[in-house]
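Numbering of ligands and ligand atoms starts at 1, following listing order. Residue numbers count from 1 along this sequence.
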Amino acid sequence: MRAARLHEIGGSFSIDELPVPTPGPHDVLVRVEACGVIPNLRNVVTHFPSWYPFLPLPALPAIFGLDAAGTVAAVGEGVRSVRPGDRVYVNPGLSCGECRYCKQGEPTRCDAYTFMGYFGFGQGSQALFERYPYAGYAEYMTAPVANLVRLPDSVGTVQAARFGYMGTAYSALRKSGLRPGQSVLILGATGTLGVGAALLALAFGAARVVVVARDRNLLDRLVQIDPQRVVPVQLDGSAIHPRVRELVPGGVDAMLDTLGAKAPAELSVDAMQAVARGGRIVQIGGVAGPIPIDPHPFMCAQLQYIGSLWFTAAEGDEMVAMIASGQVDLDVLEARPYALERLNEALEDIQTQANGFTNFHIAHR
Ligand SMILES: [Zn+2]
């Protein structure tokens with residue numbers, strides 16, 4: 001099979017020929033049809049070893065590719081729930097499966113939590129990379145059956161190539177406690193995370209989705225999705241929170257911070273002041289802190305600041321059910337397919353041409 005591999009940090013991907021892997025007893029072999037390309041991948045393969053030395057990358061050469069979707073090609077002898085031919089999204093999050101957090105169904109709390117084809121979070125990551133060295137920029141990959149999210153006929157594999165960031169927003173909305181009829185502020189709303197968060201917040205029944213970003217045209221596109229409920233606030237150098245509080249008296253019930261890697265903390269600190277008493281702020285972006293929190297006022301207002309990492313395969317199932325029911329319309333996304341051989345070009349183009357509505361992905365033949 002053909003696979004795009006990275007041979008050195010900061011280098012380009014090259015197309016290598018590798019044998020098609022064999023799935024283990026509780027694993028599946030997936031023939032990948034589409035895999036997302038995200039702006040942050042360039043950071044990961046260029047800067048992460050210096051920016052975040054505590055986040056290990058797989059030993060090189062390595063296959064990358066975070067959000068893979070395709071068709072099950074073969075299953076291990078212990079697999080019962082899926083069969084060859086089933087269409088699936090592969091949640092790339094691996095965990096040890098043995099620690100107390102894994103046992104209680106909270107894999108993202110595992111010390112060894114690791115993204116296949118991306119990076120890991122701890123000492124146990126290298127062993128998991130070795131066990132699952134394949135990912136979406138290869139024609140085939142293996143994965144534990146528990147990582148699969150089944151796709152109904154109405155949800156395409158190209159749409160599923162966006163599920164990583166959408167699922168991250170989904171899990172964050174759950175943790176925000178947002179209830180129907182409430183209000184939510186999405187900071188960085190026109191980015192890849194932000195657009196997914198806005199679509200899902202509407203599906204969660206938010207009465208007001210305050211979208212905060214710089215680009216007027218992209219904000220207008222968000223408003224067009226639901227002009228009654230989506231309220232834009234353009235970043236123009238003036239303070240965010242007075243404007244939000246004018247639109248939503250008393251402040252917003254929840255805030256999702258989706259700003260990208262190394263974004264300055266000032267915007268976050270400003271926006272947080274628009275959160276109502278008892279509200280929750282969920283961090284799913286890459287803001288470079290620290291974020292000052294004054295404990296006494298924070299206590300008096302009963303605010304909560306929550307970090308949220310990725311999403312479980314079970315949350316992926318819930319999100320897919322929501323999409324399949326028509327509550328989330330992914331037709332607003334624009335497909336931008338690239339052949340595997342053009343991965344390096346896709347990574348260049350995405351730096352200047354991407355916005356939250358584009359769906360850059362590798363389309364395998
Ligand atoms: Zn574990």
Side-chain angles (χ1 to χ4, degrees), residues 21-30 35-36 38 40-41 44 48-49 51-60 62-69 72 75-82 88-136 141-150 163-176 282-286 304-320:
T22 304
H26 298 285
D27 298 337
V28 293
L29 178 71
V30 175
C35 180
I38 46 180
N40 198 43
L41 179 62
V44 171
F48 262 39
W51 284 0
Y52 308 119
F54 49 91
L55 299 177
L57 264 56
L60 303 181
I63 301 168
F64 284 75
L66 188 61
D67 280 315
V72 174
V75 301
E77 61 196 38
V79 172
R80 295 286 172 270
S81 59
V82 298
V88 294
Y89 164 76
V90 182
N91 186 325
L94 299 170
S95 63
C96 79
E98 299 175 15
C99 72
R100 58 187 279 215
Y101 300 117
C102 284
K103 284 158 81 175
Q104 63 200 30
E106 298 180 280
T108 52
R109 293 182 70 179
C110 177
D111 269 346
Y113 197 69
T114 299
F115 292 127
M116 274 181 272
Y118 208 36
F119 61 88
F121 291 85
Q123 287 193 337
S125 290
Q126 217 50 252
L128 288 172
F129 283 134
E130 285 167 22
R131 199 158 142 205
Y132 295 100
Y134 305 97
M141 68 181 292
T142 52
V145 65
N147 283 54
L148 301 185
V149 174
R150 289 274 291 276
F163 277 5
Y165 280 17
M166 287 212 52
T168 297
Y170 180 86
S171 186
L173 281 167
R174 286 189 70 198
K175 289 166 188 150
S176 80
V282 186
Q283 177 59 252
I284 46 176
Q304 297 180 53
Y305 192 91
I306 300 165
S308 179
L309 171 64
W310 208 244
F311 61 106
T312 64
E315 288 174 319
D317 288 336
E318 293 168 6
M319 183 177 75
V320 165

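Side-chain polar atoms of Tyr118 and Asn40 form a donor-acceptor pair below 3.5 angstrom. Asp27 and Tyr132 form a side-chain donor-acceptor contact under 3.5 Å, judged by distance and modelled atom types alone.
A donor-acceptor pair under 3.5 Å links the side-chain atoms of Gln126 to the main chain of Leu57, judged by distance alone.
Between Tyr170 and Phe311, the distance from one ring center to the other does not fall under 6.0 angstrom.
Under a 4.0 Å N-O distance rule, the pair Arg174/Glu318 qualifies as a salt bridge.
Protein atoms of type N, O or S found under 2.8 Å from the Zn ion (ligand 1) total 4.
Ring geometry for Phe48 against Trp51 counts as tilted: the plane angle lies between 30° and 60°, on a 0 to 90° scale.
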